[in-house]
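See structure below.
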Amino acid sequence: MKRIVFAALAFLAFEGAARAQDVAAGEKVFIKCKACHQIGETAKNAVGPELNGLIGRHSGAVDGFNYSAGMKNSNLQWTEENLSEYLKSPKQKVPGNKMAFVGLNKPEDIANVLAYLKQFGPDGKKAP
């Protein structure tokens, strides 16, 4: 009986971890972001800056985009942790930013969109 319970718990843990890193689900969540942001080889700044190579870059760093004072002065590096907090509540993480998006409520949506974003390098190409 203990083995069955352990196996079931292990499966659920694996299933949760797999779901937390679901690129395809992240692409679906990213549809909410597409109204303002572009990503990929042809991405350009729009209402928001293009998001190629986002993980690891500093806030306010995309050439040609007119950032708010709040974002320029936030001095953040977009780690997964900082970006997760920002995606949950943009106005709380970076007061004075001009992003109108209220945030993502579900932790799995945040994890999935991060998985989607991580695959794009600074040149917009997907990592192999």
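Remark: the backbone N or O of E50 is paired with a side-chain donor or acceptor of N45 at under 3.5 angstrom. With hydrogens and angles ignored, the 3.5 Å screen pairs no side-chain donor or acceptor of N82 with any backbone N or O of W78. The backbone N or O of P90 sits less than 3.5 Å from a side-chain atom of N97, completing a donor-acceptor pair. Proximity of a side-chain donor or acceptor of Q77 to a complementary backbone N or O of G56 within less than 3.5 Å is detected.
Within the structure, no pair that satisfies the salt bridge (Lys or Arg N to Asp or Glu O under 4.0 Å) test touches residues 23-49, not counting sequence neighbours. Identified under the salt bridge (Lys or Arg N to Asp or Glu O under 4.0 Å) test for residues 78-92, with sequence neighbours left out: E80-K118, E85-K93.
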> Could you walk me through whether V113 and L87 pass the side chain to side chain contact (heavy atoms under 4.5 Å, CB included) check?
Replying inline: CA-CA 9 Å; V113 82; L87 290 173; 3.6 Å; yes

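Side-chain contact between V23 and N112 is absent, with no heavy atoms from C-beta onward closer than 4.5 Å. In this structure, the side chains of I55 and T79 stay at 4.5 Å or more apart for every pair of heavy atoms. Under the 4.5 Å side-chain criterion, counting only non-hydrogen atoms from C-beta, P122 is not in contact with N52. Residues C36 and F101 form no side-chain contact, since every pair of their non-hydrogen atoms from C-beta on lies 4.5 Å or further apart. Residues R57 and L51 are in side-chain contact: their nearest non-hydrogen atoms beyond the backbone lie under 4.5 Å apart.
Listed by chain and number, the residues in a ring-ring contact (aromatic ring centres under 6.0 Å, His included) with Y116 are F30, F120 (sequence neighbours excluded).
Taking CD1 from I110 and CG from N105, the interatomic distance works out to 8.0 Å, rounded to the nearest 0.5 Å.
Other residues, nucleotides and ligands place more than 12 heavy atoms under 6.0 Å from the CG atom of D123.
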